[in-house]
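Scroll down for the structure; my scribbles are underneath it.
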Amino acid sequence: MNITDIDDKIIKRARSDFLYSKYVDNFLQNKIGCQQLLQESRLAMENYRKRRSSENDPLKVEMVNAILRSSEETIEQLKLEINKPSSKEALKPLLSKLKDVIADEQDELLAHTVTEPQIFRVLTKKYEQEFNEDMQRLNVLPPSALTRVSEYIDETGIYIKRLESNGFAYRSEGSVYFDTLKFDSDPKHSYAKLVREAFDQNKDINEAEGELSSTQQGAKKCPNDFALWKKSKLGEPVWVTQDYEPGRPGWHIECSVMASHLLGESIDIHSGGCDLKFPHHDNEIAQAEAYYNTGKNWVNYFIHSGHLTISGCKMSKSLKNFITIRQALKDYTSRQLRFAFLAHGWAETLDYSPNTMKTALAYEKTFKEFFLNVADTIRRRSNLLNSIKDARLCDVFNKWSNDDIALNVEFLKGVDKVDAALCDNFDTRSSLNALASLIKECNRRPTADIMLLRDVACYVERILNIFGADFSDIKFDKLFYLEPSLKAPVSPNDTGSLPSATNLKFVETLAQFRADIRRISKNDDPKQSIKQILSLCDTMRDRTLPDLGIRLEDREVNDAPYVLKILDPETQAREKALLEKREHDKQVKEEAARLEKLRLKNKREDKMKVPPSEMFLYQTDKYSKFDSDGIPTHDHTGKEISKSALKKLQRLHAEQVTRYSKYIADQELTK
């Protein structure tokens with residue numbers, strides 16, 4: 001895995017963050033007065049607007065306008081707050097809302113003053129650490145090797161030297177560029193292999209060069225050429241290698257150097273986002289193939305993954321339209337997020353939205369309930385065997401029924417479907433559907449052979465584990481251990497037995513339940529007693545047991561009237577929180593409906609109270625003259641009301657006569 005810790009965006013972000021923090025500190029230390037802050041904030045906002053006035057991308061224009069609107073509102077708030085008797089520290093939240101414009105202005109004015117290299121390292125280390133922590137939270141396996149650009153400066157210098165000696169690089173104004181025309185004209189090579197039609201798309205090429213390099217475009221022989229080594233200006237980090245000017249690597253060269261260093265002149269699979277095809281991956285290919293200069297492909301297969309969108313809009317940090325992994329994990333588990341990705345083709349766009357997550361939750365529930373049901377069935381069969389005198393391990397195995405044979409056929413078909421789906425371009429969505437169909441076949445046969453059911457469950461779990469959707473919190477794979485003292489098969493502790501520390505809680509719960517039953521049974525009304533006992537049973541199922549980590553479900557099957565599911569504390573807490581949220585939302589909805597009903601009732605009553613002769617008199621914006629009954633005869637301009645309009649007004653008047661008469665009658669009755 002490559003880590004880019006040298007890049008134009010990183011440099012500018014680190015620099016502007018540093019200068020913004022310094023500006024805020026100066027304000028808090030009274031080096032900048034309140035009125036000066038207002039003036040400079042207003043100027044920063046206007047300059048921000050000017051610097052981005054030529055932007056044509058609709059999404060970026062929308063982002064810029066949103067920042068300007070927010071800044072305008074914040075400055076108005078700031079005007080009010082600075083006149084209040086409060087400390088400057090209290091204004092920090094408002095200043096943070098102006099960070100975009102203030103940081104941009106400070107970077108424009110003072111970028112050349114930032115010389116400490118540590119400023120740039122702090123930012124990249126912070127985000128690299130957060131990235132690794134987030135990958136752990138998402139249950140993503142770590143790479144075998146992780147490379148950082150800042151640790152490959154010397155290797156980069158040597159790499160560029162060889163490109164020069166092979167004739168595919170040239171120096172200009174202190175920087176070094178890749179010669180795309182020379183490369184493309186060479187019989188052994190071809191430029192822009194991935195997106196040939198993108199050749200000469202200067203906009204994409206210039207964006208890839210970085211905004212700090214925009215002034216160096218004239219140094220290139222051809223617009224398609226790209227920087228291998230950039231001469232650093234004041235306010236930019238500096239490295240020295242070979243005989244090149246003090247500077248830093250270009251964006252494209254870093255990946256070619258680091259990948260070549262560890263993987264050599266041939267890579268089987270190279271992955272990345274679909275937006276990196278051109279120019280980044282095409283430039284990577286060109287550099288590596290120019291370096292080895294053998295005429296062979298550097299990469300056999302590229303896997304370009306689809307974009308992530310947020311409710312239909314492109315997700316981009318530069319557009320400020322993004323959600324962090326940590327934010328997403330507040331609403332969903334890593335397993336649920338993984339199901340969202342598994343339910344989509346890896347090359348497709350994934351839209352992170354409530355509908356997407358609804359599908360993910362449905363998949364998770366299908367598998368989770370299946371595993372819990374299997375665990376309960378195993379526990380039940382094990383207990384049954386333990387109750388039989390002289391039972392032995394061999395008693396676990398029984399002759400298969402026709403249903404068992406049919407289920408085994410479906411099992412083998414399911415395995416083939418999963419295998420075919422994964423061989424067909426890693427089709428995880430079809431794989432999940434094949435597993436879900438297999439589970440459906442198991443659910444149709446609740447009395448299936450226990451060992452066959454175990455095999456199906458273990459297979460489903462194994463595939464999901466390969467997908468990173470771990471269900472290790474539900475144990476069912478180790479079955480029917482022979483207990484020497486009993487000489488009978490028993491389930492091991494990890495199939496769902498309860499820790500001894502909680503036994504007292506269960507005893508107390510059972511004792512309280514028994515006491516309540518005894519109290520209710522003394523009721524003289526048998527029907528009322530039965531009703532109360534059933535209510536008590538529901539409370540035990542829905543409230544008491546879930547708090548103890550147990551989900552009890554009713555089942556209309558004679559030999560298995562219930563299903564017992566033991567859940568881990570985290571899952572139980574989430575389910576309880578979800579239930580409470582649903583109940584709260586229901587109460588809020590019911591209260592809103594009640595208030596709306598009351599509002600409409602009051603509105604009707606207020607309308608009933610108006611005498612028919614007065615109902616139009618106050619509508620002077622519509623009418624100017626009225627007859628003896630209060631019905632309008634002329635509109636507000638003095639024009640006589642038309643016959644059709646008059647007929648409608650008379651009908652409304654007659655309806656009000658009926659309503660008002662009823663109101664008067666009701667008032668008489670209440671006296």
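Because only heavy atoms are used, hydrogens play no part in the values below, and waters and symmetry mates are left out as well, while side chains stay in. Residues take their numbers from the sequence shown, with the count starting at 1.
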Any chance you could measure [X], atom [atom1], to [Y], atom [atom2], to the nearest 0.5 Å?
| X | Y | atom1 | atom2 | answer |
| --- | --- | --- | --- | --- |
| Glu164 | Trp229 | CD | CH2 | 12.5 Å |
| Arg49 | Ile67 | CZ | CD1 | 12.0 Å |
| Ile102 | Ser16 | CD1 | OG | 12.0 Å |
| Cys222 | Asp184 | SG | CG | 10.0 Å |

Mind telling me whether [Y] and [X] have parallel, tilted or perpendicular rings, with 30° and 60° as the class edges?
| X | Y | result |
| --- | --- | --- |
| Phe168 | His189 | perpendicular |
| Tyr191 | Phe226 | parallel |
| His280 | Trp251 | parallel |
| Phe339 | Phe471 | tilted |

Ring pair (Phe, Tyr, Trp, His ring centres under 6.0 Å) partners of Phe18, counting only residues at least two apart
none
Do [X] and [Y] get their side chains close enough for a donor-acceptor pair, meaning under 3.5 Å?
| X | Y | result |
| --- | --- | --- |
| Asp351 | Thr356 | no |
| Asp100 | Tyr20 | no |
| Asp470 | Ser472 | yes |
| Tyr23 | Glu40 | yes |

Only counting residues at least two apart or in another chain, list the ones meeting salt bridge (Lys or Arg N to Asp or Glu O under 4.0 Å) with [X].
| X | answer |
| --- | --- |
| Glu55 | none |
| Lys440 | none |
| Asp243 | Lys161, Arg171 |
| Asp427 | none |

Partners of [X] by side-chain hydrogen bond (donor to acceptor under 3.5 Å, both in side chains), sequence neighbours excluded?
| X | answer |
| --- | --- |
| Lys99 | Asp17 |
| Thr147 | Asn2 |
| Asp134 | Arg137, Arg326 |
| Arg429 | Glu348 |

Using a strict threshold of under 4.0 Å (side-chain N to carboxylate O), is an ion pair present between Glu46 and Lys50?
no
With sequence neighbours left out, which residue pairs that include part of residues 140-159 fulfil the salt bridge (Lys or Arg N to Asp or Glu O under 4.0 Å) condition?
Glu128-Arg148, Arg148-Glu151
Taking salt bridge (Lys or Arg N to Asp or Glu O under 4.0 Å) as the cut-off, I'd like each qualifying pair that reaches into residues 354-366, sequence neighbours left out, listed once.
Arg335-Glu364
Taken in chain and number order and not counting sequence neighbours, the residues that satisfy side-chain contact (heavy atoms from CB on, under 4.5 Å) with Tyr291 are Tyr159, Arg162, Leu163
